[in-house]
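Quick notes on the structure that follows.
Note on naming: letters A, B, ... go to the chains in the order of the sequence lines (proteins, then strands), and numbering restarts at 1 for each one.
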Amino acid sequence: MAQDPIRDESPQDTLNTLAEELARHDALYHQLDAPEIDDAQYDALRRAYLELAKQHPDALPIQGPQTRVGASPADGFQKITHAVPMLSLENVFSTKELADWVEGIRNFLMELRDPSIEIRFCCEPKIDGLSCSLRYERGELTSAATRGNGVEGEDVTHNAKTIADIPQQLKGSGWPDILEVRGEVYMSDADFLRLNEEQDRLGAKRFANPRNAAAGSLRQLDATITRNRPLCFFAYALGEISAPFAKSQSEMRLKLAEWGFTLNEPAQVCTERNGSLSPLQDFYDLLAARRSDLGFSIDGLVIKVDRLDWQLRLGFVSRAPRWAVAWKFPPEQASTQIEDIRCQVGRTGRITPVAYLKPISVGGVLVSRATLHNADEIARKDIRVGDSVIIQRAGDVIPQVVSVQLSQRPANSVHYLFPSQCPACGSSLRREEGDADTYCPGGLTCPAQVQERLSYFVSRQALDIEGLGEKNIALFIEKGLIHSPVDIFTLEARESSWLDANGKTIPLLKYWDGWGPQSATKLFDAIRRAREPSFERFLVALGIRQVGEATARLLGRHFLTIHALLECLDRALSGDEIASAEFLAIDGIGESMLKDLLDFRAEPHHREILNALLNERVLPDQVTEGPLLRVKDFVPPDSQSPIAGKTVVFTGTLERLSRSEAKAQAESLGAKVAGSVSSKTDFLVAGPGAGSKATKAAELGVRVLSEQDWIDLMHTNPE
DNA sequence: CAGCCTCGAGTTCT
DNA sequence: CTCGAGGCTG
């Protein structure tokens with residue numbers, strides 16, 4: 001049905017007509033499940049539309065498919081900030097670890113310290129796909145986002161709309177006005193095999209495993225590609241909801257099914273009491289046995305506290321909920337040989353030995369290298385070149401050497417001798433007493449360190465200069481065009497007078513092999529954009545030891561400008577105790593970090609680099625809010641609560657709340673929990689057996705509450 | 001001073 | 001993702 005655009009119609013009319021047609025076929029396909037045209041015809045129609053849209057970008061219909069296709073910026077996806085952060089799960093690998101986790105829950109919720117009280121757990125298979133958050137407003141799908149870093153994900157709405165398992169309009173009734181449903185996008189084993197056959201036929205690259213195929217398919221800028229990929233979706237959790245509609249995980253599942261979602265099966269509610277984990281163990285065994293005939297890949301099971309009120313009270317630790325855990329199957333292992341062990345030099349000079357392996361497939365991915373961490377690790381496992389070793393992928397990602405198969409060791413094998421000289425610069429390596437790592441002292445005289453530092457300077461968490469990756473940094477260094485960070489920014493201005501080591505003229509970038517006018521312009525544009533980094537990125541880029549994203553943010557929040565930070569450092573260097581104290585007063589900065597900051601500032605070479613950058617007008621911004629990465633910061637404490645901003649101390653035996661729950665609850669209401677009573681303390685919550693703290697509170701005139709008073713206070717609504 | 005939690009650094013492959 | 005180390009808490 002690929003009609004030629006009708007010539008005497010204006011492009012705008014044609015685009016409108018095509019857009020309407022596409023919308024109609026989308027609806028037929030997804031909502032009514034009754035397509036009138038096949039996929040090839042649909043594709044042709046879409047291509048005709050896109051082709052014309054490209055020629056007449058100003059004539060695009062406002063409601064046209066471009067809002068779903070090709071509307072994203074050329075360099076990738078739009079970002080979506082999650083209303084409720086998407087967390088990851090803590091893993092356990094044994095019944096022992098599972099028992100510890102259950103015990104932790106019983107300790108946190110006071111009334112569950114009686115082991116005869118049963119806890120119901122909702123258990124589901126853990127699908128190997130990628131998590132996705134779907135937002136429904138008044139029953140209509142409005143956006144879809146990947147997990148990303150948990151706080152900010154990629155907008156894949158246009159792709160989600162092509163997945164049959166994802167309802168565009170909720171069925172039934174009774175859903176809240178705002179409903180965020182979270183689940184897993186995945187590909188079945190059969191579809192994965194079929195897709196790879198198709199890829200072969202098209203001469204395209206095969207996917208290594210269903211997970212990668214699903215990820216690759218969802219992360220397509222062109223939704224017509226996603227539409228032709230057989231993706232599925234399981235719902236398993238909620239994000240933001242405007243009103244509660246269930247009391248338990250299992251009840252929530254039933255509602256979601258009613259509203260048109262597919263659930264992951266088999267799922268089961270398992271009960272634990274008196275320490276007996278056998279119902280959970282039985283379900284684990286059942287899934288392990290059925291693993292190969294489920295039709296999709298799973299890597300374990302997810303166990304959730306079924307009661308939602310308990311989930312709410314249990315809350316989160318770090319990036320994972322306390323109320324759920326992933327019980328993982330043992331990772332797949334494989335055996336291969338170590339062909340060589342070579343040492344890499346990192347930007348800090350740290351030497352990392354890496355095993356080069358005879359390539360082997362582990363968990364669907366070809367592995368050819370594995371880190372050996374350090375000399376002790378090699379000695380402990382007595383790893384030698386030529387050995388047969390067992391490899392597994394830790395957390396299904398990073399390959400690791402589990403053990404050596406000694407029975408297969410060649411007769412002539414010798415211990416691995418850790419190098420005494422840097423493989424890059426030849427300096428004698430150093431290892432401090434009690435330190436696990438070996439370092440090259442070469443610093444800026446070591447070419448490997450210079451290159452790694454420059455790579456770090458432009459890397460994603462630092463200045464994030466697109467198009468200037470490891471390979472191109474190496475290239476510019478090799479041509480002698482970049483020696484220090486500031487050279488990156490003068491690169492373009494110097495372009496017409498580039499000289500090589502022999503004084504011979506180097507041609508303009510666009511004439512280099514593999515480069516053209518487009519890629520050259522793109523690179524220079526990216527460099528220009530990097531002249532105004534955020535405070536945090538700029539500080540990270542400097543590569544001060546122990547100063548990464550979080551610490552940079554901490555310093556930024558306190559000092560606001562680079563100049564204020566440098567000024568305070570300079571004062572501290574000249575012996576000003578008040579300046580040092582200012583650093584140590586920042587929550588999270590201690591002696592050791594201060595020392596590294598001072599060492600950095602005292603080094604003349606670092607001063608030069610910093611001055612050169614500032615002179616070249618690479619100017620970091622004042623601190624702005626920016627994306628917060630800590631979940632703790634993400635969920636704003638309830639500032640309406642009567643205890644918001646107050647400092648509380650707990651003492652004695654609490655009978656209804658556990659210490660940890662009392663603390664977590666107080667913090668979520670905006671209070672600060674301190675360890676000892678001082679003049680800053682607003683409340684002392686004293687249970688039976690309170691001792692010196694109660695005395696001190698009386699002396700200072702601090703208000704003393706019983707546990708019951710405290711609970712009442714927390715449930716008071718301010719008027 | 002021990003036992004948390006958090007952070008940084010280095011890691012693999014697509 | 002994992003490791004080790006720093007910093008805070010009790």
Side-chain angles (χ1 to χ4, degrees), chain A residues 88-91 93 104 130 204-217 219 316-320 322 326 328 331 343-357 359-374 376-377 391-402 432 434-437 439 452-453 455-456 459 461-462 470 539-540 543-555 583-597 629-633 649-651 659-660 663-664 672-677 692-693:
Chain A
S88 42
L89 289 177
E90 202 192 308
N91 296 324
F93 288 93
L130 33 345
K205 238 169 81 188
R206 296 178 71 102
F207 290 98
N209 52 51
R211 212 207 88 86
N212 287 354
S217 304
R219 296 192 73 260
F316 304 90
V317 197
S318 177
R319 286 184 179 79
R322 267 193 205 91
K328 305 261 269 193
C343 284
Q344 297 178 350
V345 188
R347 79 182 163 90
T348 59
R350 191 160 113 183
I351 305 293
T352 308
V354 174
Y356 285 71
L357 308 166
I360 177 131
S361 173
V362 190
V365 171
L366 206 60
V367 170
S368 53
R369 302 193 302 176
T371 177
L372 299 175
H373 297 112
N374 54 48
D376 285 351
E377 169 85 2
I391 302 291
Q392 71 182 22
R393 295 204 304 147
D396 287 331
V397 181
I398 313 285
Q400 61 183 198
V401 174
V402 181
E432 300 286 322
D435 193 343
D437 297 317
Y439 286 88
E452 291 297 318
R453 286 189 203 190
S455 289
Y456 183 74
S459 67
Q461 72 265 37
E470 304 256 317
L539 201 56
V540 167
I544 304 169
R545 279 182 73 173
Q546 302 199 74
V547 179
E549 283 167 291
T551 309
R553 201 156 36 240
L554 221 52
L555 291 166
F583 281 99
L584 299 176
I586 300 174
D587 194 2
I589 308 277
E591 296 279 359
S592 158
M593 283 197 187
L594 177 56
K595 180 180 180 297
D596 286 332
L597 286 164
L629 291 170
R630 295 199 309 192
V631 172
K632 209 163 91 183
D633 296 331
V649 177
F650 294 99
T651 188
R659 263 316 156 94
S660 21
K663 184 169 186 282
K672 207 174 144 182
V673 178
S676 57
V677 178
S692 62
K693 285 181 190 170

Distances for protein N or O near nucleotides 12-14 of chain B N or O, under 3.5 Å:
from    : atom 1 : to        : atom 2 : distance (Å)
dC13(B) : OP1    : Ser368(A) : N      : 2.7
dC13(B) : OP1    : Ser368(A) : OG     : 3.4
dC13(B) : OP1    : Arg369(A) : N      : 3.4

N/O contacts under 3.5 Å, protein versus nucleotides 8-10 of chain C?
from   : atom 1 : to        : atom 2 : distance (Å)
dC8(C) : OP1    : Gly588(A) : N      : 2.9

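Regarding contacts with the backbone of dG8(B), every side-chain N or O of Arg545(A) stays at 4.0 angstrom or more from both OP1 and OP2. Applying the 4.0 Å criterion to OP1 and OP2 of dG10(B), one finds that Arg347(A) has a side-chain N or O inside that range. Dashed line: the shortest gap from a side-chain N or O of Thr348(A) to OP1 or OP2 of dG10(B) is under 4.0 Å. Note on Tyr456(A): a side-chain N or O is less than 4.0 Å away from OP1 or OP2 of dA9(B).
Scored by the side chain to side chain contact (heavy atoms under 4.5 Å, CB included) test, Thr551(A) finds Val547(A), Leu555(A), Ile589(A), Met593(A) as partners (sequence neighbours excluded). Listed by chain and number, the residues in a side chain to side chain contact (heavy atoms under 4.5 Å, CB included) with Asp437(A) are Arg350(A), Asn374(A), Asp435(A), Tyr439(A) (sequence neighbours excluded). Remark: Phe207(A) pairs with no residue by the ring-ring contact (aromatic ring centres under 6.0 Å, His included) rule, at least two apart or across chains. Take Arg369(A) and apply the side-chain hydrogen bond (donor to acceptor under 3.5 Å, both in side chains) test, not counting sequence neighbours, and it matches Tyr356(A). For Lys595(A), the side-chain hydrogen bond (donor to acceptor under 3.5 Å, both in side chains) partners two or more places apart in sequence, or in a different chain, are Asp599(A). Scanning for side-chain hydrogen bond (donor to acceptor under 3.5 Å, both in side chains) contacts around Gln546(A) gives Ser592(A), Asp596(A), with sequence neighbours left out. Scored by the side-chain hydrogen bond (donor to acceptor under 3.5 Å, both in side chains) test, Gln461(A) finds Ser459(A) as partners (sequence neighbours excluded).
We find that CD of Gln461(A) is positioned 10 Å from C1' of dG8(B), with the value rounded to whole Å. Here the P atom of nucleotide dG7(C) and the CG atom of Leu597(A) are 10 Å apart, to the nearest Å. As rounded to whole Å, 14 Å separates atom C1' of dT6(B) from atom CD of Glu90(A). Atoms CG (Leu554(A)) and P (dC7(B)) sit 9 Å apart, rounded to a whole Å. One atom, CE of Met593(A), and another, C1' of dA9(B), lie 13 Å apart when rounded to the nearest Å. Note: NE2 (His373(A)) to C1' (dC3(C)) measures 6 Å, nearest angstrom. If you take CD of Glu549(A) and P of dA9(B), they are 10 Å apart, rounded to a whole angstrom. Ile351(A) has its CD1 atom 16 Å from the P atom of dA9(B), to the nearest Å.
Using a 4.5 Å heavy-atom cutoff, the side chains of Val354(A) and Leu372(A) are not in contact. Residues Ile360(A) and Leu366(A) are not in side-chain contact: their nearest non-hydrogen atoms beyond the backbone lie 4.5 Å or more apart.
Comparing dG10(B), dA9(B), dG8(B) against the side chain of Thr352(A) picks out dG10(B) as the nearest.
Using a 4.0 Å heavy-atom distance criterion, Phe650(A) is classed as making no nucleic acid contact.
For the pair Ile544(A) and Arg322(A), nearest-nucleotide mapping onto DNA chain B gives the more 5' position to Arg322(A).
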| query | What's the verdict on side chain to side chain contact (heavy atoms under 4.5 Å, CB included) for Glu90(A) and Arg322(A), showing C-alpha distance, side-chain angles and the deciding distance? | reply | CA-CA 9 Å; Glu90(A) 202 192 308; Arg322(A) 267 193 205 91; over 6 Å; no
